[in-house]
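In what follows, a structure is listed as structure tokens, so that the remarks can point back to it.
Side-chain atoms are counted along with the backbone in the values below, which use heavy atoms only and exclude waters and symmetry mates.
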Amino acid sequence: MSDVIKLLPDSVANQIAAGEVIQRPASVIKELVENAIDAQATHVQIILKDSGRTLIQIIDDGVGMSETDARLAFERHSTSKIRNAEDLFSLHTMGFRGEALASIAAISQVELRTRRRDAQLGTRLLITASHCESQEPDMCPVGSNFMIKNIFFNVPARRRFLKSNQVELSNIVKEFEKLALVNYSVEFTLIHNDNVMYKLMKGTFRQRIAALMGNSIDQQLLPVDIDTSLAKIQGYIGKPENARKRNALQFMFVNGRFMRHPYFHKAVMSAYEQLIPEGEQPNYFLRFDVDPQAIDVNIHPTKTEIKFEDEMPIWQILAAGVKETLGRFSEVPSIDFDTQDAPAIPAYSGNVEVHRPEIEVDSTYNPFKAQGGSSAAPQRPRSASGQAMSNWDELYANFERKKRESSGQQEGTLPFDNQAEPDAAAEQPKVTAGGVQTAYLQLKGRYILSPAKSGLMVIDQHRAHVRILFDRYIGRIHSGYMSSQAILFPEVMHLSPSQAVALEGLLPEMEKMGFSLSRMSGNDWTVNAVPAGLDGVDTSAMVQQIIESVDNGGMPLKKRILEHLALTVARAAAIPVGRTLMQEEMEIIVADLLRLPEPNYTPDGKTIIQVIPIDHISKMF
């Protein structure tokens with residue numbers, strides 16, 4: 001029997017490696033820009049055509065390469081970053097495996113022009129699908145100029161896997177933000193289809209954050225500065241009131257490398273407990289400087305998962321540092337007790353004198369007026385221990401008397417006597433729900449209570465309105481009727497480049513829903529019209545909320561984009577939690593909800609209606 005195990009050719013091995021390292025055009029940009037940073041570049045220019053499908057060009061002013069190095073750089077496991085296995089545990093560079101250039105060359109057409117500073121001539125190298133076509137001397141600037149053309153041209157299945165140009169460009173911008181944020185001492189330029197999207201100058205970390213995320217974020221940042229023997233943590237965290245429900249700006253870097261670390265993320269979230277609503281996420285931009293020997297970056301092909309030797313102590317340091325920052329800048333709110341419907345608790349002074357604030361009352365009424373007509377308040381009686389006592393019973397009785405006189409009640413009338421308001425019960429609107437006549441009550445500005453046959457029905461008013469609006473929008477879309485409501489004074493939105501890219505991809509579906517948006521100049525847009533029925537809604541904030549609803553992995557499937565947008569619009573336009581409703585409003589909401597085919601759950605699966613059985617209520621008593 002002949003041998004069956006064969007050694008794969010380098011071209012095949014490179015394509016296999018490319019499946020892990022190069023997933024989309026954004027991966028090419030990440031690898032090449034990191035190489036430019038390792039080459040001590042002070043300016044990096046990125047030029048794209050068709051979101052990287054046709055061309056990805058990376059130009060840097062780094063140290064460049066010699067003729068031999070340029071050719072050897074495209075071989076597998078060839079690198080200038082490490083020499084032996086021990087170097088893996090003391091990395092000071094972004095790259096080290098020697099797989100990126102070989103993987104890129106295996107699935108594209110590459111042209112490289114590079115020159116070292118001490119050389120008179122550079123070199124020009126052409127490689128197609130791992131095959132070197134030519135190499136010749138060339139007059140070129142110092143540094144490196146990579147041109148990656150027709151990515152995945154020889155892997156049709158991978159090329160078909162790519163999303164639309166807007167989605168791929170959005171992924172490129174997200175990758176660019178990670179690289180540009182931490183390398184704030186390097187100038188960056190990003191050009192797409194001859195349009196300059198970013199031009200970032202050297203500056204501080206805070207200036208780079210504002211340049212990428214918008215100047216408005218500068219007022220939302222609180223500085224973090226922690227210096228210990230295990231780690232040095234610097235950066236900024238967002239104020240609690242600026243937390244987001246989705247797509248929060250959350251960036252962590254270790255030794256200049258972007259990382260995803262759920263454990264450290266929980267440390268930050270623990271500091272925000274009781275400060276932000278459940279389900280919201282704070283913004284943060286944090287840089288960790290640790291001993292390279294205390295971390296391992298060689299556990300994932302993309303090098304974004306980092307293993308720390310001292311995770312638990314650093315977790316505690318991070319959590320304590322974020323809490324200290326929030327407290328130092330008075331972002332921890334004072335305790336706000338819920339006093340609604342709370343019983344009155346009398347204050348007892350004991351042996352400690354209690355200082356109470358002065359109470360302002362009507363100048364025409366003085367509860368302490370002396371019987372002889374003097375308006376001077378008598379001395380307060382003192383207890384045996386000598387502490388002042390307040391005659392609160394007398395004060396309360398006088399207030400009650402004034403209240404009864406103003407409402408025309410007799411002094412002997414009881415507060416809950418039916419004769420006081422004979423038609424109060426009759427004025428409550430009566431509706432039929434399941435054969436039972438009900439009057440609705442609102443609890444804490446969030447829940448609608450109504451008796452039902454089997455017990456007490458509790459409805460979340462916000463979720464109920466979301467369900468109603470969602471079904472209404474979807475019905476209009478499917479029927480082909482979606483009217484628009486023009487805005488008298490169009491609202492101007494100042495978007496970041498990444499938001500502008502996402503909005504361009506959403507425009508066709510948003511227009512079907514009744515939106516009308518137009519681009520002014522740069523990344524400024526105007527909202528000219530919105531779907532009819534969205535009165536009193538902040539349209540600019542709603543559009544930005546729709547943009548943020550696009551997940552990091554791209555938009556939903558094409559057939560579900562309209563439903564995705566309809567849900568986002570419904571959430572933005574729905575009755576907010578905490579709003580007090582009139583009986584008529586509660587009646588309309590419940591009636592509209594119960595007419596729907598799926599009234600029990602929101603489109604994303606959250607519960608709307610709960611019924612407390614009468615047996616459970618009986619057991620309480």
Could you tell me whether the side chains of T42 and D61 share a donor-acceptor contact shorter than 3.5 Å? yes
Any ion pair linking E168 and R24 (charged N to carboxylate O, less than 4.0 Å)? yes
Over 12 foreign heavy atoms within 6.0 Å of CD, Q120: no
Quick one: do R71 and E67 make a salt bridge, cutoff under 4.0 Å? no
Give a yes or no on whether the ring-centroid distance for F288 and F253 is below 6.0 angstrom. no
Would F308 and Y263 count as a close aromatic pair, with their ring centres under 6.0 Å? no
Any luck finding a side-chain donor-acceptor pair between T128 and E133 under 3.5 Å? yes
Would you please name every residue forming a side chain to side chain contact (heavy atoms under 4.5 Å, CB included) with S518, sequence neighbours left out? T526, N528
Heavy-atom side-chain proximity of P282 to I237 below 4.5 angstrom: no
Under 3.5 Å: donor-acceptor pair, side chain of S108, backbone of I151: no
Do T228 and K232 have side-chain atoms, one donor and one acceptor, less than 3.5 Å apart? no
Checking side-chain polar atoms at under 3.5 Å, does Q250 have a donor or acceptor matched by the opposite partner on N283? no
Any idea how F176 and F188 line up, ring-wise: parallel (<30°), tilted (30 to 60°), or perpendicular (>60°)? perpendicular
Quick test of your reading of the model: are D138 and R115 salt-bridged, counting only N-O distances below 4.0 Å? no
Y284 ring center near F251 ring center (under 6.0 Å): no
More than 12 heavy atoms from other groups under 6.0 Å of CD on Q40: no
Main chain of D50, side chain of T54: is a donor-acceptor contact present, judged purely on distance under 3.5 Å? no
